[in-house]
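Chain letters run A, B, ... following the sequence lines, proteins first, then strands; residues in each count from 1. Just so you know, these numbers use all the heavy atoms, side chains as well, and skip hydrogens, waters and symmetry mates.
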Protein chains: 4
Amino acid sequence: MNAVVPNLRPRKSPVQARSAATVDAMRIAAIQVLTQEGVSRCTTTRIAERAGVSVGSLYQYYPNRDALLAAILETHLDGVAGAVDRACRAHRGRSVADMAAAVVAAFLAAKRRNLQESQALYAVAAELSGAALVARMRNRIVAAIADMLAHAPEADFDDPAMTGAIAFSAVAGPTRILLEGYAPAEFDARLEEQLILLLTGYLGARRRPAGGAKRGS
Amino acid sequence: MNAVVPNLRPRKSPVQARSAATVDAMRIAAIQVLTQEGVSRCTTTRIAERAGVSVGSLYQYYPNRDALLAAILETHLDGVAGAVDRACRAHRGRSVADMAAAVVAAFLAAKRRNLQESQALYAVAAELSGAALVARMRNRIVAAIADMLAHAPEADFDDPAMTGAIAFSAVAGPTRILLEGYAPAEFDARLEEQLILLLTGYLGARRRPAGGAKRGS
Amino acid sequence: MNAVVPNLRPRKSPVQARSAATVDAMRIAAIQVLTQEGVSRCTTTRIAERAGVSVGSLYQYYPNRDALLAAILETHLDGVAGAVDRACRAHRGRSVADMAAAVVAAFLAAKRRNLQESQALYAVAAELSGAALVARMRNRIVAAIADMLAHAPEADFDDPAMTGAIAFSAVAGPTRILLEGYAPAEFDARLEEQLILLLTGYLGARRRPAGGAKRGS
Amino acid sequence: MNAVVPNLRPRKSPVQARSAATVDAMRIAAIQVLTQEGVSRCTTTRIAERAGVSVGSLYQYYPNRDALLAAILETHLDGVAGAVDRACRAHRGRSVADMAAAVVAAFLAAKRRNLQESQALYAVAAELSGAALVARMRNRIVAAIADMLAHAPEADFDDPAMTGAIAFSAVAGPTRILLEGYAPAEFDARLEEQLILLLTGYLGARRRPAGGAKRGS
DNA sequence: AATGAATGAGAGTTCATTCAT
DNA sequence: GATGAATGAACTCTCATTCAT
C-alpha cells in the first residue's frame, strides 16, 4: 500500500457464480500469502497463483494490488464493527457491567472467528490506506459504544465519545497481543475475563451517579 | 522487512566519532523517508541520499536494508522499554495508584519525546521481523511491571505477569490511536488522565487483600 | 501495428445490414479512441466498449487488432486516393493551372471531410504495416497525376511519374502540418491558395514547350 | 509515447566517460531496434539488450521509455534544424534561387547524414510527445527561413512566416517519401534537383517586385 | 452469433546489492 | 573508506486473444 492514494474501489462486482468463486478464492489466497510470506512478499502473482487463477483475473476485479488488500481489510473490519455494533444495540439500558461484558465478548468472538484473517491483516492495516480504513471502523465502534453509554440508566458519562474511544482501544490493545501469536496459552484462556475486569473498572470509575457534578471522577 | 530472516546484526559498531555521526544521520534520514514516503518507498538509495552519504556507505554499516530498519526499531523500543523499566524500579513499594500513574507517564513521555519516530516505526513493526522485536521489548516491560506489582505492599496479585501484560497493552492500545494521528485534540489532552484512571481501576480490581485466596478475581 | 505481418484481411465481408452497422460502429469507435487515448492505448477492449459490442464480436470481423486498424486506414486512404483519382480524370486535357488547382482541391477536401479520422490515422500510418498501405495509395495517386500530366496539351513532361510524385508529396507535406493541429488559423485559411501556387510553379517549371529538348528545365 | 505527459527530461547527464559511452550505446541501440522491430516492439528490454547494458542502467539516465525516445528525437531534430538554420544565415542577402538551393541542400544533407536515424524516428515523431517536438523544431526552421526571406534584396514577401512554413513543409514531404524507403532509385537521384525547382518556383511566384502592391501573387 | 471472464506472455519500472574506481 | 554506476530479479499492470456459456 503506497503513499499515493489512487482508486481503491473494486472494478466490478462478481455477478456470475464463477466470478464470485474467483473473488473469494483470491481473498482466501491473499490471507494465506500474507500470513506465510508477509506484506512485502504478498505480490499479485503469488496471490493469483495461490488462488489458482491468472494475474489478469485479479485485475479484472481490482484496479491494483492495494485495492485488493484494502477490500479484504474493509470486509474484515466491517464484520468486526458490525458485531460490536449489534452487541451495543442489544445492551442498551443494561448495567455497566453487562455492557462491558457484551462489548468484550462480541469483539473477541469476531476476531477469533477469523483468526488467521485477523492476524494477517494487522500488517495491511499498518500501511497508509489501511490506517484510514481502521480509523473509520474505529469511529463506528466508538460511536456505538458512546451511544450505548449515553443511555446507561445507572450512570451519567460526561464525555461518552472519549470514554468509548479509550474503552475500545484499551480492549483492542491486549487483543492484538493475542492475535500476534506471541502470547502464552494462559493469556488466551484468561483474556476475556481480564478485559471485562478492565472495562468494568474503567467504566465504573468514569461513571458519575446520575445527576452528579460534571467531571467528577 | 522481508519474511526471510537473514543477518540482521549491524556490521560494525560505530567506535569512531565519524561513524557515529553517519549512523545517526542514516537513522534520522530513514525516519524521515519512512514518514514522507511510506515503508514500501523507503529505499536504501533514498535513505542514503537523504542522509548525505552514498549507498555504499550504508552497506558499510548494515548488511542489508532490513537490518537498518530493525536496528532503528530496536533502538526506539529500547528507549521506551528503558523508560518504563526505570519508572517501575523507582516506584517499587509505592501505592498502586502511584504505580499506575508512573507507568503511564513514563510510557507516554517516551513515545511523545520522539513523536515522528514513534509514528514512522509502526509500519516497520508490522512487518514480520519487526513483530519479534516488539514482542521482546513488550516482554521486558511486562516483566518490569510484574516485578513492581509483585512487590506492592498494599496488595497481592495472584498472577503479576498476566496482570502486567494486560495492563501494559491496555495502555499501549489507546496510545497508538494518538500516534496514528487520527485522534482529535481533546483525545491528546485527556489521554494521560484517562489511562491512569483505566490502569488504577484495573489494578485495583485485580488486587486482593494481602493473604487472600488464590485466583479470587 | 506490429512488425510481424500476419493476416491483415478482414474475416468476413459485411453482407448483412447488421454487420455493416457493427463494422462502421467499430470504425468510428476506433477513431475516437485513437484520438482520445493515442495509438498505444487504443486497445480492442476499449474499441469494442466504445462501439457498444463485445470484444468477441470484434474478432468476428477482424482476425486481430492490426487488421482492424489496417482496414480503417485502408478505407480512409482509398477515399482520398479515389477523390484525387477522379479529379485527375476529370481534368485531363486541361491547362496545367487547372490541373494543379483540381488536385489540391480534391486532396484537401478529402482530408478535411474526415478531419478527425485524418488526424487519428497518422499514428497508425507510422507503424510498419501502415507505411506499406500509405505507399500503395501514394502510388495510385501518383499514377493518376502522372497520367493526367502525360496528356497535358500545352506541355510535355519528360518524367511524369517523378513529377507526379514530387508534386503530390509537396502538397501532402504542408497538409500534414494543418492536420497535426499545430498550425495557426491563418495557415488553414491560406493553405489551398498557397498549395496551388506551389504546384502551378512547379509544374510550370517542369513543363517543356511541346517538342522541346529532353530534360531542359 | 503515451497521451499523458510526464517527465521527459533525462535524469542525469553522463559526466564520466563510462556513462557517456552507455548513453550513446543506448541511443544507437534504440535506433536499430526501432528500425528492425518498429515502435511498438521497441521495448526498454530490447534496447538495453542491444546496447549491451542492463535495463536498470537505462533508467539511470532516463525516467522512462518515452523520455529516451524523446531525447533521441530531439537530438536528431536539433541537428537538422541547426543545419538549416546555419544555411539560412549564410545565405542572407543572396538571390532567391541561391536561398532555395541552400535550404534544400542543407536539409537533405542533414537527413541523409543519419539515414537510418531519420527513418527510424518518423514513427517516434508520430506519437503524441514526438509531435510536439517536431512542431517546435519546425517553428525554428520556419523562423530561420522567414528571416532569410525578409532580407531578400530582390524581392519583398508579404508574409514571410507563411511562405517559410509552406516552403519548408513542401520540401519535407517528398523527403519523407525518400526516407520511408518506398521510393525508386531514380527518385533518390533526382530529388534534390526537383526540390530546388519546386522551391524556386514557389518563392519566385510569391515574390513581389520591391515596393509592389500587397498580396499581389 | 454474441458475450465477456479468463488467460498469461510481456511491458515498464524499481530497488537491494555489488564492486571497479 | 567512500562512491555511485551497473546489475537483473522481481514486481505491478496491460492487453490481444480465446472459448465456455
Side-chain angles (χ1 to χ4, degrees), chain A residues 2 12 14-19 21-23 40-49 52-68, chain B residues 2 12 16 18-19 22 40-49 53-68, chain C residues 2 12 16 18-19 22 40-49 53-68, chain D residues 2 12 14-19 21-23 40-49 52-68:
Chain A
N2 292 337
K12 62 175 155 186
V15 276
Q16 298 180 5
R18 183 167 55 148
S19 302
T22 299
V23 165
S40 54
R41 300 187 80 81
C42 181
T43 69
T44 51
T45 318
R46 266 189 266 263
I47 294 173
E49 196 175 19
V53 300
S54 65
V55 228
S57 290
L58 193 155
Y59 282 90
Q60 288 223 313
Y61 296 99
Y62 300 98
N64 49 56
R65 189 190 85 122
D66 283 9
L68 166 60
Chain B
N2 293 336
K12 58 176 154 186
Q16 301 169 355
R18 185 166 51 153
S19 299
T22 300
S40 53
R41 300 188 72 79
C42 180
T43 69
T44 50
T45 314
R46 268 187 266 263
I47 293 173
E49 194 177 21
V53 300
S54 66
V55 228
S57 292
L58 191 154
Y59 279 87
Q60 208 90 49
Y61 294 99
Y62 299 98
N64 51 54
R65 189 191 87 122
D66 282 9
L68 165 60
Chain C
N2 294 336
K12 58 175 153 187
Q16 299 169 356
R18 185 165 51 152
S19 301
T22 300
S40 53
R41 300 188 71 81
C42 180
T43 70
T44 51
T45 314
R46 268 187 265 264
I47 293 173
E49 195 177 19
V53 300
S54 67
V55 227
S57 292
L58 191 154
Y59 280 86
Q60 209 88 51
Y61 294 98
Y62 299 98
N64 51 54
R65 190 190 87 123
D66 283 10
L68 165 59
Chain D
N2 292 336
K12 61 177 156 185
V15 275
Q16 299 180 4
R18 184 166 56 147
S19 303
T22 298
V23 165
S40 54
R41 299 189 81 82
C42 180
T43 69
T44 50
T45 316
R46 266 189 266 264
I47 294 173
E49 196 176 18
V53 300
S54 66
V55 229
S57 290
L58 192 156
Y59 282 91
Q60 289 223 313
Y61 296 99
Y62 300 97
N64 50 56
R65 189 191 84 121
D66 282 10
L68 166 59

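Between R46(C) and dC15(F) there is a side-chain N or O to OP1 or OP2 distance below 4.0 Å. OP1 or OP2 of dC13(F) has at least one side-chain nitrogen or oxygen of Y59(A) nearer than 4.0 Å. The side chain of S54(C) contributes no N or O atom lying less than 4.0 Å from OP1 or OP2 of dA2(E). At the phosphate of dA16(E), neither OP1 nor OP2 sits under 4.0 Å from any side-chain N or O atom of Y62(B). Close to dT3(F), at under 4.0 Å from its OP1 or OP2, lies a side-chain N or O of S57(B).
Note that OG1 of T22(D) and OH of Y61(D) are 5.0 Å apart. Values are rounded to the nearest 0.5 Å. A distance of 5.5 Å separates CG in L68(D) from CG in L58(D), rounded to the nearest 0.5 Å. For the atom pair OG (S54(C)) and CD (Q60(C)), the distance works out to 8.5 Å, reported to the nearest 0.5 Å.
Under the 3.5 Å distance criterion, the side-chain polar atoms of R41(A) are left unmatched by any main-chain donor or acceptor of R46(A).
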### Summary
Applying the Watson-Crick and G-U criteria (both distances under 3.5 angstrom) with [ ] for crossing and | for other-strand pairs, one obtains for DNA chain E .||||||||||||||||||||
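Atom OH of Y61(C) is separated from atom C1' of dT17(F) by 18 Å (rounded to the nearest Å). Between Q60(B) atom CD and dG4(F) atom P the separation is 14 Å, expressed in whole Å. The separation between E49(B) atom CD and dC15(E) atom C1' is 13 Å, rounded to whole Å. Atom CG in N64(B) sits roughly 13 Å away from atom C1' in dC15(E) (whole-Å rounding). Residue D66(B) contributes atom CG, which lies 13 Å from atom C1' of dC15(E) at whole-angstrom precision. Residue L58(A) contributes atom CG, which lies 11 Å from atom P of dA6(E) at whole-angstrom precision. We find that CZ of R41(D) is positioned 16 Å from C1' of dG12(E), with the value rounded to whole Å.
The side-chain hydrogen bond (donor to acceptor under 3.5 Å, both in side chains) test applied to T43(C) returns no partner, not counting sequence neighbours. Under the side-chain hydrogen bond (donor to acceptor under 3.5 Å, both in side chains) criterion, T45(A) pairs with no residue at all, not counting sequence neighbours. With sequence neighbours excluded, no residue satisfies side-chain hydrogen bond (donor to acceptor under 3.5 Å, both in side chains) with T44(A).
In this structure, G56(A) and C42(A) both approach DNA chain F, and ranking their closest nucleotides by distance from the 5' end singles out C42(A). Closest-nucleotide positions on DNA chain E for G52(A) and T45(D) were compared, and the one nearer the 5' end corresponds to G52(A). Between T43(A) and V55(C), the one whose closest nucleotide on DNA chain F sits nearer the 5' end is T43(A).
For T44(C), whose side chain is taken as the heavy atoms from C-beta onward, the closest listed nucleotide among dA2(E), dA5(E), dA16(F) is dA16(F). Across dT3(F), dA16(E), dA5(E), the shortest atom-to-atom separation from the side chain of R65(B) is found for dA16(E).
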